[in-house]
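On a predicted model such as this, the values are computed, not experimentally measured, just so you know.
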Amino acid sequence: MAKKINKLKIRTSKKYGNIGDSPGMIHIDADAKKPLLTLYSYNSEEVQECDGRDFETILKQLDHCHTHTHWLQVNGLGEQRLIEQVGEHFNINRLVLEDIVNTHQRPKFDDYDTYFFATSRIITYNDDELSNCQISFIVKDNLIISFQEDYTDNFAMIVKRLISGKGLIRTAGPAYLCYAMMDTIFDMYFSLLSNLGDRLDDVEDRLYDNPDRSIMYDSQKIKRTMIMLRRAIWPERDKVNEMIRDDISLISADVKVFLRDAYDHCIQIIDMIESYQEITSSIIDVYLSIISNRMNEIMKVLTLISVIFMPITFIVGVFGMNFARQDPLTNKALPDNMPELYSPHGYTYCLVAMFVITIGQVLFFWKKGWFSRF
Amino acid sequence: MAKKINKLKIRTSKKYGNIGDSPGMIHIDADAKKPLLTLYSYNSEEVQECDGRDFETILKQLDHCHTHTHWLQVNGLGEQRLIEQVGEHFNINRLVLEDIVNTHQRPKFDDYDTYFFATSRIITYNDDELSNCQISFIVKDNLIISFQEDYTDNFAMIVKRLISGKGLIRTAGPAYLCYAMMDTIFDMYFSLLSNLGDRLDDVEDRLYDNPDRSIMYDSQKIKRTMIMLRRAIWPERDKVNEMIRDDISLISADVKVFLRDAYDHCIQIIDMIESYQEITSSIIDVYLSIISNRMNEIMKVLTLISVIFMPITFIVGVFGMNFARQDPLTNKALPDNMPELYSPHGYTYCLVAMFVITIGQVLFFWKKGWFSRF
Amino acid sequence: MAKKINKLKIRTSKKYGNIGDSPGMIHIDADAKKPLLTLYSYNSEEVQECDGRDFETILKQLDHCHTHTHWLQVNGLGEQRLIEQVGEHFNINRLVLEDIVNTHQRPKFDDYDTYFFATSRIITYNDDELSNCQISFIVKDNLIISFQEDYTDNFAMIVKRLISGKGLIRTAGPAYLCYAMMDTIFDMYFSLLSNLGDRLDDVEDRLYDNPDRSIMYDSQKIKRTMIMLRRAIWPERDKVNEMIRDDISLISADVKVFLRDAYDHCIQIIDMIESYQEITSSIIDVYLSIISNRMNEIMKVLTLISVIFMPITFIVGVFGMNFARQDPLTNKALPDNMPELYSPHGYTYCLVAMFVITIGQVLFFWKKGWFSRF
Amino acid sequence: MAKKINKLKIRTSKKYGNIGDSPGMIHIDADAKKPLLTLYSYNSEEVQECDGRDFETILKQLDHCHTHTHWLQVNGLGEQRLIEQVGEHFNINRLVLEDIVNTHQRPKFDDYDTYFFATSRIITYNDDELSNCQISFIVKDNLIISFQEDYTDNFAMIVKRLISGKGLIRTAGPAYLCYAMMDTIFDMYFSLLSNLGDRLDDVEDRLYDNPDRSIMYDSQKIKRTMIMLRRAIWPERDKVNEMIRDDISLISADVKVFLRDAYDHCIQIIDMIESYQEITSSIIDVYLSIISNRMNEIMKVLTLISVIFMPITFIVGVFGMNFARQDPLTNKALPDNMPELYSPHGYTYCLVAMFVITIGQVLFFWKKGWFSRF
Amino acid sequence: MAKKINKLKIRTSKKYGNIGDSPGMIHIDADAKKPLLTLYSYNSEEVQECDGRDFETILKQLDHCHTHTHWLQVNGLGEQRLIEQVGEHFNINRLVLEDIVNTHQRPKFDDYDTYFFATSRIITYNDDELSNCQISFIVKDNLIISFQEDYTDNFAMIVKRLISGKGLIRTAGPAYLCYAMMDTIFDMYFSLLSNLGDRLDDVEDRLYDNPDRSIMYDSQKIKRTMIMLRRAIWPERDKVNEMIRDDISLISADVKVFLRDAYDHCIQIIDMIESYQEITSSIIDVYLSIISNRMNEIMKVLTLISVIFMPITFIVGVFGMNFARQDPLTNKALPDNMPELYSPHGYTYCLVAMFVITIGQVLFFWKKGWFSRF
């Protein structure tokens with residue numbers, strides 16, 4: 001039975017470095033992927049793309065197009081030297097580098113005057129399994145660096161918009177690009193929630209048609225996914241809020257208007273999550289009341305059967321007693337013992353009596369409404 | 001059985017555009033209705049009404065009566081060009097246009113110096129089905145534009161008041177008209193809540209007269225409606241509060257007095273919703289305790305019957321044993337086997353004994369109070 | 001059965017005017033009572049009382065004693081013209097008049113420079129029925145007007161104190177009189193809570209002596225009353241707080257000292273309500289565990305009886321079988337069939353065996369502790 | 001049974017004066033104790049103690065030692081004249097006097113420029129009964145008056161410290177003495193909580209060794225005590241906080257350092273109460289799951305017995321039927337009726353068959369794990 | 001049975017001194033360990049270590065290296081004189097000394113101009129037992145003193161870093177060292193939580209494979225550990241926050257950057273604890289629903305057996321009745337009594353009828369789905 005049920009999996013966060021480690025120490029996870037570098041250099045006229053696993057190539061291109069705005073994608077965090085090179089060349093605090101590599105951060109925003117640092121969590125849903133990976137941004141004057149754990153191409157649409165050059169994307173600076181990626185991440189939440197909504201609908205359909213114990217498991221699974229989503233989105237809200245409220249030179253008033261829009265989406269996601277959580281609780285409550293009701297029905301069947309058969313079984317037992325009409329040893333007549341057995345129609349009367357009793361009981365329970373709820 | 005129960009329907013919010021879409025992109029929903037335009041131009045002396053699906057006609061009328069105050073109703077959002085024309089002509093931010101067309105916004109208020117933007121949700125109740133549609137307002141110096149998803153004539157009373165010219169409606173400017181519509185929306189909440197209160201009353205009546213499982217379903221349904229209402233009204237509260245607190249040139253001190261009144265109504269709605277939620281919980285608790293009690297009663301019936309009949313059935317079984325008084329093979333007398341069967345009044349004594357036992361048990365359980373709660 | 005249980009009644013608040021009505025519109029409820037006017041004009045030397053249903057008489061008296069402080073009682077709100085006259089003569093905002101007449105306001109406080117407006121709810125308990133009526137105050141420089149829905153004489157004590165002239169009541173101005181009435185209303189809460197405490201005590205007594213289902217209903221009823229009281233008293237707290245904090249010219253520092261005292265009482269009422277709510281929850285929890293325990297006991301009785309009688313009933317069944325010692329057709333002896341029946345002391349051994357089995361079982365369950373909790 | 005269970009007692013707060021009473025009215029409770037006065041006059045050199053029920057004696061001593069600091073203890077509040085004399089002589093607001101006499105105050109702190117007023121609640125635990133009495137302090141420049149409901153000598157340790165002259169107690173002024181008494185009251189909470197912790201431990205021991213219904217009652221009783229303690233300590237926290245934050249001339253910076261320490265203790269008490277509440281809930285949850293499990297076990301016993309005996313009882317019933325091998329009237333042979341009864345080893349086969357069935361069933365349920373949890 | 005279950009242990013906090021004790025009184029616990037002193041004196045060039053139980057030795061070394069920064073470890077708090085010497089020599093407030101010795105403090109931070117004081121709780125997990133000990137820090141200009149209850153070497157890694165001289169540890173002052181120790185304590189929380197996560201996983205595995213009552217106990221135990229952890233970590237958060245926000249001369253801006261990082265870790269720990277708590281609740285809910293379902297199944301077995309066997313047992317009872325075909329006394333024929341018994345194939349028909357009834361019932365319950373969930 002246990003096999004048929006989808007297990008609720010707890011993904012215990014891996015241990016965070018070693019106890020007592022120096023802060024700012026960069027621990028590369030053993031199974032971290034080798035980094036892939038991609039650089040997009042753009043201005044209002046053109047976009048240049050430059051791939052390569054070599055940081056020197058990237059630096060050359062940065063020098064070459066020093067009047068362009070740059071977007072450096074780092075996909076995969078498995079090379080300590082690269083991270084350190086990036087840190088040294090762009091003068092990034094070691095704590096930031098540690099946060100980039102340690103991929104269990106909550107979404108947060110830190111302003112360091114000449115650059116700001118932000119992390120988000122990308123939550124995706126593949127094959128009934130949630131995956132939760134980290135994306136970090138370093139935004140400088142004319143540069144944005146995005147760090148991602150794996151190679152998933154989450155921002156293909158943004159590259160497309162960059163190349164097509166529509167909208168503000170090429171002209172509004174790296175903070176706008178950062179916003180655009182955050183907004184894309186929020187869109188993923190909407191899509192995930194729509195998926196979860198469908199599964200809730202499905203659970204609810206089963207709740208009415210054929211409620212079995214899988215409802216409990218599935219509800220709990222959805223509930224947990226909600227817990228995870230809520231934990232990921234709540235700090236996003238604070239993050240976006242900080243980006244709007246704080247007086248950060250790298251974020252222009254124009255971008256703040258867009259961030260306000262992203263903030264609204266964030267609130268909307270939180271709202272949907274909370275609604276879904278309440279609906280899940282409501283499903284569980286209904287399910288538990290169904291179990292109780294079913295128990296009541298089972299008990300009623302048992303009780304009805306017992307109540308009907310016990311008295312008449314007793315009666316047939318009475319007439320199965322062997323009180324003798326005549327003592328076999330002395331042949332003495334004992335006319336007072338069970339005279340009913342020797343009455344010409346005793347058997348018929350007995351059957352009729354049992355029938356009447358049974359009908360009476362059925363009517364009695366009918367009146368009390370025991371049959372009405374089957 | 002499932003057919004007789006009103007299903008709880010989750011309306012999963014449709015997916016929000018496409019992942020990674022440019023912000024400010026206007027997605028017209030495939031099944032959005034064609035827009036109907038109505039323009040009311042009024043000053044303290046007169047009201048002119050001007051219908052038409054043609055934005056040019058509207059613009060002409062706006063020019064013609066440029067000293068009037070205008071109320072442009074846009075019912076139906078199914079024409080991208082119209083929305084864009086409105087945006088361009090009145091110089092509206094594209095994010096606002098996106099919010100107008102994407103009809104899953106939370107109620108909110110945004111001030112853009114030369115105009116302000118507000119959305120509300122209109123929740124109506126038709127044929128046991130909640131519908132939840134969006135209404136948006138753009139308020140400028142002498143103009144208010146209202147955008148509505150469908151053609152429902154929610155504001156007929158306001159048009160009537162405008163035409164009759166009573167009260168401040170013609171003289172207090174477009175912000176007052178915006179307030180008047182918001183207040184009408186709050187009135188709808190009151191009417192909806194009064195309807196829900198009646199249904200709660202009905203559920204409660206059934207709880208006492210004939211509690212069956214529909215109580216659970218109906219309570220949960222009301223609970224969900226409450227969740228939905230609460231989600232819709234809470235941001236209204238913040239919205240109205242912002243309109244009162246912030247220093248917005250388009251909202252005069254006179255209008256703020258009315259907004260404060262609307263704020264009080266909003267708080268009152270929230271209060272009622274919370275009370276109803278607590279009453280719903282209380283009904284569910286009572287229902288669950290009724291199920292438990294009923295189970296207890298069923299079990300008592302079963303136990304009483306078993307306790308009464310098992311011993312006497314055993315007794316008749318004893319006297320149904322075939323221990324022989326004489327061995328048929330050897331004809332040896334076995335006088336110690338079941339002498340009761342051959343006593344002249346054995347049968348009578350046996351019946352009397354069983355009767356006494358039964359009466360004794362009934363009295364015992366009577367004293368223990370088992371009969372008192374049937 | 002339903003008849004014996006006190007039903008929980010939901011008093012759905014009546015619909016609030018009509019949807020889309022002009023704000024400040026005065027709706028007189030069809031069953032509103034005709035207003036009774038009473039005017040008390042007092043200074044430190046004397047108190048003049050002046051009754052009458054005629055507003056002109058009142059006005060004359062106001063003119064006549066224009067150096068006195070006045071308390072105008074309006075009991076009953078069923079006359080639109082009177083309300084409007086009061087509004088016009090004392091220059092009261094129409095929204096205030098609407099709030100006075102619409103008797104479903106939350107307690108609130110509004111300051112309008114030349115006067116302030118406050119509402120409270122008077123909750124009384126008659127014949128097992130809560131009634132919840134509204135009292136409003138308009139306080140001007142040397143005048144306080146109190147509006148009450150019905151004719152109940154809630155403030156007889158204050159009139160007595162006014163006439164006897166003890167304390168500050170005649171000299172501390174109309175705001176003090178307003179405070180005195182609010183404090184009287186709080187005293188009513190204390191008296192109501194003391195009543196509810198007695199009923200809780202009674203429910204609890206029954207919980208221990210004779211727990212039946214009425215405990216659930218009564219607890220829920222008390223719970224609801226608490227919900228209602230809490231909803232009424234929470235805004236009182238904000239109201240009193242506003243009166244203390246805000247810089248209102250009509251409320252002197254001396255009166256604020258008294259208001260601080262009233263504030264403390266208000267907090268104390270909230271405290272008591274919350275304690276009672278927790279006690280009510282605790283009673284319900286105990287009750288539900290009693291039901292569960294009782295079920296356990298019933299099941300134990302049933303199980304004991306079954307366990308004891310089933311085996312011995314089986315045994316007597318065995319010896320009731322008719323395996324024959326001799327074939328009646330062939331007269332062939334069948335000495336292996338049920339030889340026990342033909343042993344001289346078979347019956348005695350059988351009875352002894354059953355007795356031993358029964359005693360054994362009873363001892364077994366005794367040891368397992370099944371009897372200990374009856 | 002009800003006798004053996006400790007009842008949860010609700011102490012309904014006595015009615016607060018009469019409805020509509022003048023504020024500042026001093027109601028002496030009918031059973032209030034006669035006041036005992038004790039005056040300690042001390043400076044850095046000496047401590048003079050002066051007992052007496054006569055306020056004049058006290059006043060003389062105050063005059064006599066007018067350069068000393070004084071601590072006037074008033075134990076018992078049963079004499080209206082004394083309270084009024086104290087009020088007049090030290091110029092105390094009547095509302096303060098009312099609060100001293102009305103012993104149902106929440107802990108609070110009021111600053112009146114020339115003096116401050118504070119109340120606390122002393123909660124003690126005697127003979128399984130909580131008592132909750134009020135202590136009030138009036139602190140002036142060189143005088144502290146403490147008012148207590150009864151004669152309990154709660155502050156013997158402080159008197160001892162005063163006489164021994166150790167620490168700051170003689171030199172740090174009356175506010176320090178007030179702090180010292182408050183800290184003593186907090187120490188009483190710690191001692192009470194340690195007592196409650198022991199009782200929780202005891203309940204938990206019984207939960208594992210012999211869980212019966214007393215666990216529910218005892219847990220609920222502890223829960224209620226916690227509710228009461230929390231209600232008493234929360235306002236203490238606000239009180240101490242106010243004493244630290246507000247700029248009160250009578251409380252020096254040195255004393256504030258000590259108050260900060262008292263504040264920490266207060267937070268610690270709140271923490272402990274909340275932990276104990278969560279532990280109590282956890283005990284109740286475990287207890288309820290034990291009830292459910294026990295029910296399961298009882299049901300399993302019943303079901304096993306029924307499942308085992310019903311089929312074999314049926315079988316012996318079959319062979320107890322009286323289908324005849326020969327019609328006694330016609331002597332016609334009926335060889336098809338129950339031939340098993342006339343087979344030479346029918347009885348043996350029958351017994352063996354029943355034995356096999358029983359063993360089979362036991363094995364089946366053994367495999368399903370029904371025996372594993374007994 | 002009780003033996004096999006891990007008991008939930010409440011560690012009731014020991015009584016806090018004696019009631020009414022003077023504040024700042026140093027109570028050495030009877031079983032406190034003798035203090036071990038270790039002094040590390042370091043500057044950017046070298047680290048000197050100096051052990052000894054003698055405070056004079058320590059003082060000499062402090063004098064000797066008065067330009068170094070010092071870290072004085074005091075492990076064990078069992079010597080009142082030493083604590084007082086430390087207090088006098090470094091001029092520490094007696095309340096601070098009391099807090100150091102009384103090892104039941106909540107984590108807190110107090111700034112005293114020339115030094116600051118901070119406490120943390122170290123929670124470790126040995127042999128299925130949580131131990132919770134206190135560590136206090138006094139940080140002065142060039143000195144940090146750490147006080148620890150026991151001899152556990154929690155900060156070996158920091159000593160190692162100090163000796164190796166990597167990072168900022170030797171140059172960033174005593175506040176950085178304090179931060180480093182706090183961060184190490186946070187790392188311990190992560191390790192503890194990872195351990196708890198594994199145990200949750202284990203409980204969950206058992207929930208699906210073999211749910212027995214130990215799940216309830218283990219979940220409750222984890223829940224309590226969570227309560228304890230939350231109580232310990234929440235004040236840490238406030239503490240770190242205060243250290244960042246307040247303007248404390250001993251904490252440089254550089255150190256504050258690191259504290260911000262520690263703050264993030266703290267938030268992350270709180271997040272994980274809350275997630276685990278929700279997962280624990282979810283496990284308990286699933287477990288309770290499993291109990292209910294199992295009860296349903298047991299009841300279904302019982303009911304099925306009863307429903308199947310009761311009717312046929314009744315039938316065999318009927319044919320076991322002894323209605324006679326001939327009166328043995330009078331030899332009168334009674335042909336109407338039980339003629340079935342004398343029909344040639346009565347027995348066969350009877351068996352067939354019972355078989356058909358049984359099959360019918362099984363099919364009926366099959367259709368109702370009673371077998372589907374076994």
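- Interface remark: B/Ala324 contributes backbone and side-chain atoms alike to the contact with chain C (heavy atom separation under 4.5 Å).
- For C/Phe314, no part lies near chain B; criterion is any non-hydrogen pair under 4.5 Å.
- For C/Met310, the part lying near chain B is the side chain, with the backbone staying farther off; criterion is any non-hydrogen pair under 4.5 Å.
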Next on the checklist: Evaluate C/Gln326 against B/Leu329 for side chain to side chain contact (heavy atoms under 4.5 Å, CB included), listing each step before the verdict.
Outcome noted: CA-CA 7 Å; C/Gln326 196 173 26; B/Leu329 294 181; 4.1 Å; yes

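- Interface summary for chain C: among B/Ile158, B/Thr184, B/Val318, B/Asp271, the most heavy-atom pairs under 4.5 angstrom belong to B/Asp271.
- Annotation: the span from B/Thr313 atom OG1 to C/Phe309 atom CZ amounts to 9.5 Å, rounded to 0.5 Å.
- For B/Phe323 against C/Gly346, the heavy-atom pair with the smallest separation is CE2-C, 3.4 Å.
- Neither the backbone nor the side chain of B/Met181 comes within less than 4.5 Å of any heavy atom in chain C.
- Most heavy-atom pairs under 4.5 Å with chain B, from the set C/Met216, C/Arg94, C/Arg106: that is C/Arg106.
- When heavy atoms are compared at a cutoff of 4.5 Å, B/Tyr176 approaches chain C solely by way of its side chain, counted from C-beta outward.
- Here the straight-line distance linking atom OG of B/Ser282 with atom CD1 of C/Ile284 works out to 7.5 Å at 0.5 Å rounding.
- We find the CE-CE distance between B/Met295 and C/Met299 to be 9.0 Å, quoted to the nearest 0.5 Å.
- Here C/Asp99 contributes atom CG and B/His265 contributes atom NE2; the two are 6.0 Å apart, rounded to the nearest 0.5 Å.
- Across all their heavy atoms, B/Ser292 and C/Ile291 have their closest contact at CB-CG2, 3.9 Å.
- With a 6.0 Å radius and a threshold of 12 heavy atoms from other residues, nucleotides or ligands, C/Asn331 has its CG atom above the threshold.
- For the options B/Ala333, B/Ala156, B/Gly317, heavy-atom pairs under 4.5 Å to chain C are most numerous at B/Gly317.
- For B/Ile290, the part lying near chain C is the side chain, with the backbone staying farther off; criterion is any non-hydrogen pair under 4.5 Å.
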Next on the checklist: Please determine whether side chain to side chain contact (heavy atoms under 4.5 Å, CB included) holds for the pair B/Asp261 and C/Glu98, giving the CA-CA distance in whole Å, both sets of side-chain angles, and the decisive distance to 0.1 Å.
Outcome noted: CA-CA 10 Å; B/Asp261 196 58; C/Glu98 188 192 3; 4.1 Å; yes

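- If you measure heavy-atom distances from C/Leu288 to chain B, the contacts under 4.5 Å come from the side chain alone.
- For B/Asp285, the parts lying under 4.5 angstrom from a heavy atom of chain C are both the backbone and the side chain.
- Comment: C/Lys223 does not engage B/Glu278 in a salt bridge, judged by the lack of any side-chain N to carboxylate O separation of less than 4.0 angstrom.
- Once rounded to the nearest 0.5 Å, the distance linking CD1 of B/Ile279 with CE of C/Met228 reads 10.0 Å.
- Only the side chain of B/Phe365 comes within contact range of chain C, with heavy atoms under 4.5 Å apart.
- At a 4.5 Å heavy-atom cutoff, the contact between B/Pro311 and chain C is made by backbone and side-chain atoms alike.
- Under the 3.5 Å distance criterion, the side-chain polar atoms of B/Asn337 are matched with a main-chain donor or acceptor of C/Leu341.
- Neither the backbone nor the side chain of B/Phe155 comes within contact range of chain C; no heavy atom of the residue lies under 4.5 Å from a heavy atom of that chain.
- Of the possible polar contacts, none joining the B/Glu274 side chain to the C/Arg231 backbone as a donor-acceptor pair under 3.5 Å is found.
- The two atoms that bring B/Pro328 and C/Tyr342 nearest to each other are CD-CE2, 3.5 Å, heavy atoms only.
- Using a cutoff of 4.0 Å between basic side-chain nitrogens and carboxylate oxygens, B/Glu297 and C/Arg213 are scored as salt-bridged.
- Of the atoms belonging to C/Met338, not a single heavy atom falls under 4.5 Å from chain B.
- With a 4.5 Å cut-off on non-hydrogen atoms, C/Arg230 touches chain B through its side chain but not through its backbone.
- Using a 4.5 Å cut-off between heavy atoms, B/Phe186 does not touch chain C at all.
- The residue among B/Pro335, B/Ser289, B/Gly320 with the most heavy atom pairs within less than 4.5 Å of chain C is B/Ser289.
- With rounding to the nearest 0.5 Å, the separation of CD1 in C/Ile305 from CD1 in B/Ile305 is 13.0 Å.
- Smallest separation of non-hydrogen atoms from C/Ile227 and B/Ser275: CG2-OG, 4.4 Å.
- Both the backbone and the side chain of C/Asn322 come within less than 4.5 Å of a heavy atom in chain B.
- In terms of heavy-atom proximity, C/Val316 sits nearest to B/Met321 at O-CG, 3.4 Å.
- Proximity to chain C (any heavy atom under 4.5 Å) is restricted, for B/Lys332, to the side chain, taken from C-beta onward.
- Of the listed residues C/Ile308, C/Asp110, C/Asn93, C/Leu302, the one with more heavy-atom pairs under 4.5 angstrom with chain B than any other is C/Leu302.
- Across all their heavy atoms, C/Thr348 and B/Asp336 have their closest contact at OG1-O, 4.4 Å.
- Both the backbone and the side chain of C/Ser306 come within contact range of chain B, judged by heavy atoms closer than 4.5 Å.
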